[in-house]
Protein chains: 2
Amino acid sequence: MRREGAGMTAPDGPAGVREFPVLPMSDTTRRMTGRVVTEAAAAISALVADGTLKPGDRLLAQRLADLLGVSRFPIGQAMRILADRGLLTADPGRGFSVASDGPDHAASYRAERGHDDLTSAYFRIAEDRLAGALPDTISEQAMRDRYGLGRGQLSQLLNRMAGEGWAERRPGYGWRFSAVLTTPTALEQSYRLRLAIEPASLLEPGYCLARETLLRCRAVEERMLGGEIETASADALYDRGVRFHEAIVGASGNPFFLDTLKRVNRIRRLLVYRSLADRSRYRRQAAEHLELLRLIERGAQIEAAGLLRAHLQGVMEKLSTVRPLLEAKQHPSG
Amino acid sequence: MRREGAGMTAPDGPAGVREFPVLPMSDTTRRMTGRVVTEAAAAISALVADGTLKPGDRLLAQRLADLLGVSRFPIGQAMRILADRGLLTADPGRGFSVASDGPDHAASYRAERGHDDLTSAYFRIAEDRLAGALPDTISEQAMRDRYGLGRGQLSQLLNRMAGEGWAERRPGYGWRFSAVLTTPTALEQSYRLRLAIEPASLLEPGYCLARETLLRCRAVEERMLGGEIETASADALYDRGVRFHEAIVGASGNPFFLDTLKRVNRIRRLLVYRSLADRSRYRRQAAEHLELLRLIERGAQIEAAGLLRAHLQGVMEKLSTVRPLLEAKQHPSG
DNA sequence: GAATGCATTTAGCGGCCAAGAAATGCAATA
DNA sequence: TATTGCATTTCTTGGCCGCTAAATGCATTC
């Protein structure tokens with residue numbers, strides 16, 4: 001899948017003159033690998049980066065495979081790649097272990113990893129759509145030509161978009177994009193759905209936020225208040241917010257609530273785009289998140305629901321100040 | 001798609017002896033047609049059945065094509081089929097018009113129409129899953145073999161199920177079915193989601209139930225109270241309920257609310273299956289629906305929201321009496 | 001002159017095959 | 001004995017071809 005001129009044609013310049021003499025291990029590092037291998041490598045490097053695996057620790061293939069829900073094979077591939085990058089050291093016959101300078105390599109490795117082909121195509125389409133660059137109706141053929149996708153890939157994407165509610169099959173053939181994404185009030189409407197379900201989820205019978213989850217959420221928010229608000233990327237900030245709310249709602253044990261929230265969050269990500277990186281507000285949000293955790297910890301569900309409602313309403317009201325940006329289809333300068 | 005030995009081979013018996021002298025127009029009527037043609041025929045017959053088109057009315061191909069969002073071609077095919085069935089009469093050179101006994105034929109035509117291939121496969125899979133006949137994890141290959149589906153069809157179905165939250169891609173390959181459908185409390189949980197969003201949708205700013213929609217809903221409920229509760233099929237009763245609630249929520253103008261409801265209703269259809277055809281309760285439900293419409297008509301949104309909440313809660317409480325049936329995976333005897 | 005009916009064009013889908021990726025089984029080994 | 005490393009098997013995906021359905025354009029006809 002997603003091959004892209006890897007080797008095969010013209011590996012060298014004319015007469016064997018290498019155009020890119022640097023990166024001596026590139027043919028191993030750059031080797032096209034499957035999705036699972038890539039993700040396994042990312043997962044392992046994350047474990048090394050956050051200290052779960054310390055220098056000298058031996059990596060057991062089966063253990064990692066079980067952790068990621070895959071077989072041992074792609075784990076082995078991933079370890080080999082990471083060994084080439086210097087994160088791990090290979091002990092022939094006894095597998096791999098974390099190199100002494102593993103964590104440093106892990107940080108740089110993780111920094112340079114980009115999006116999936118499919119994911120990036122998804123965002124390109126969404127951006128084009130938001131920018132009005134895509135017509136309302138279009139054939140699959142035209143989409144494939146435009147974004148250079150295989151049949152299967154495109155079909156996966158379109159089905160996903162259809163599931164998210166902003167694309168649909170036309171009766172004959174071709175697809176139609178609905179107006180959901182381009183209407184200026186969509187973002188506000190998405191918040192009103194959250195306002196309906198998130199506080200309600202707290203009042204579900206049997207609501208129980210696992211202690212471990214609570215502590216993890218609290219640690220994240222405190223790290224943010226401790227300075228990460230200023231340093232983290234806009235994407236990272238958005239992700240943290242999403243994860244917090246999904247953790248809260250997920251603790252209701254009602255999958256319908258959680259699925260609905262996840263779904264609306266995926267669309268919301270397209271709507272907020274990368275625009276509103278107004279960091280000053282994240283501080284207040286983090287404080288409210290922490291207060292919410294305190295209430296939940298005490299079992300004060302009703303108060304928690306009230307606070308969550310106020311929290312969302314507060315965020316929604318701030319929306320009206322950024323909405324003009326969306327309407328004008330411009331990105332803020334600062 | 002879905003070809004099946006249609007015509008082409010052996011139109012007649014040997015030496016011109018017709019094997020099936022009855023149904024002289026069968027090779028036209030039975031001809032396999034595409035999805036759009038089939039749906040166009042169904043749509044036109046619906047128009048004839050409900051009196052929108054009366055005997056003698058001429059059918060304009062372009063008008064119908066615009067109505068259904070397709071081209072004239074499948075409309076022509078559909079009209080030809082319907083003419084063969086006696087719903088329409090063909091006036092060569094001037095198209096088709098509704099036959100004098102069109103409405104009668106339309107009723108019988110509509111009665112014998114079955115499910116789409118894809119739709120029926122979807123329900124077969126869901127039923128197998130509910131019955132525990134499908135393993136938790138399975139490869140696409142195995143699914144294709146089991147249900148005789150093409151690659152694209154299966155991918156469409158699986159993506160749809162994934163969107164509905166009861167199937168998901170495994171990291172490597174193959175799919176996993178989640179426990180959502182088989183857990184005994186799922187139905188109740190789905191109602192609690194509805195309880196969170198439906199009353200809230202009534203309080204959306206700009207809520208406006210179109211007069212035409214209101215009248216249509218009222219007429220349906222009154223027809224039900226007038227006797228259809230006893231005569232209609234269980235499927236039809238379910239559909240009416242779904243359509244009513246979706247009309248109410250759709251009038252909020254917030255597509256997120258409507259999408260969420262539609263989604264949960266699709267899963268709910270799988271959960272209720274065909275079990276609870278307890279008709280006595282539909283009478284009370286219809287009365288409450290009518291009262292709800294009255295309140296909305298008066299613009300009493302808050303009272304309407306309260307009634308809707310009570311209505312859903314009432315239905316949900318009745319659930320506990322039928323839940324044992326689901327748990328035992330049995331269908332009621334009466 | 002507008003709508004029909006037919007011919008042409010285009011789109012999408014299934015089958016087939018080959019390539020690549022992941023899963024699985026097995027022998028070697030620390 | 002548990003784990004690695006490799007070989008084999010299974011599965012998915014992409015390309016290509018042909019078929020059928022739907023869209024579109026055009027001549028005909030009332």
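None of these values were measured; they are calculated from a predicted model. Residue numbering restarts at 1 for every chain, and letters A, B, ... go by the order of the sequence lines.
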Using the side-chain heavy atoms of S71(A), tell me which of these nucleotides is nearest: dT13(D), dG5(D), dA23(C). dA23(C)
Closest heavy-atom pair and its distance - L87(A), S45(A): CD2-CB, 3.8 Å
Closest approach of G56(A) and S97(A), non-hydrogen atoms and distance? O-CB, 3.9 Å
Rounded to the nearest Å, what distance is computed from the CE atom of residue M143(A) to the C1' atom of nucleotide dA11(C)? 15 Å
Nucleotide dG5(C), atom P - distance to CD1 of I75(B) in whole Å: 13 Å
Greater than 12 external heavy atoms within 6.0 Å of R124(B)'s CZ: yes
Describe the nucleic acid contact of G174(B) in one word from base, sugar-phosphate, nothing, applying a heavy-atom distance below 4.0 Å. sugar-phosphate
The residue, G93(B) or R170(B), whose nearest nucleotide of DNA chain C is more 5′ is G93(B)
What does R169(B) touch in the nucleic acid at a heavy-atom separation under 4.0 angstrom: a base, only the sugar-phosphate, or nothing? sugar-phosphate
For dG15(C), does the base pair up with any side-chain atom of R151(A) as donor and acceptor (N or O, under 3.5 Å, distance only)? yes
Rounded to whole Å, please give me the gap between CG in L59(B) and P in dT4(C). 9 Å
Under 4.0 Å: is that the gap between some side-chain N or O of R144(B) and OP1 or OP2 of dG15(C)? yes
OP1 or OP2 of dG14(C) sitting under 4.0 Å from any side-chain N/O of Q153(B)? yes
Please state how far atom CG in L60(B) lies from atom P in dA3(C), giving the value in whole angstrom units. 6 Å
Interatomic distance, E140(A) CD vs dA22(D) C1' [rounded to whole Å]: 14 Å
On DNA chain D, more 5' by nearest nucleotide between I138(B) and F73(A) is F73(A)
How many whole angstroms separate atom CG of L154(B) from atom C1' of dC13(C)? 14 Å
Of the options dT12(D), dA22(D), dC30(D), whose atoms approach the side-chain atoms of Y173(A) most closely? dA22(D)
Between dA23(C), dT4(C), dA22(C), which nucleotide gets closest to the side-chain atoms of R58(B)? dT4(C)
Comparing nearest nucleotides in DNA chain D, the 5'-proximal residue of the pair P74(B), W175(B) is W175(B)
Does a nitrogen or oxygen in the side chain of R80(A) sit under 4.0 Å from OP1 or OP2 of dT4(D)? no
Between D66(A) and R72(A), does any NZ, NE, NH1 or NH2 come within less than 4.0 Å of an OD or OE carboxylate oxygen? no
Rounded interatomic separation in angstrom, taking CD from E39(A) and P from dA21(C): 14 Å
Between I138(B) and A142(B) the two heavy atoms that sit nearest each other are CG1-CB, 3.6 Å
Within 45° of the six-membered ring axis of Y122(B) and under 6.0 Å from that ring's centre, is NZ or CZ of R160(B) located there? yes
Can you check the L157(A) CG to dG14(D) P distance for me, whole Å? 11 Å
Does the dG5(C) base have a donor-acceptor partner in the side chain of R72(B) within less than 3.5 Å? yes
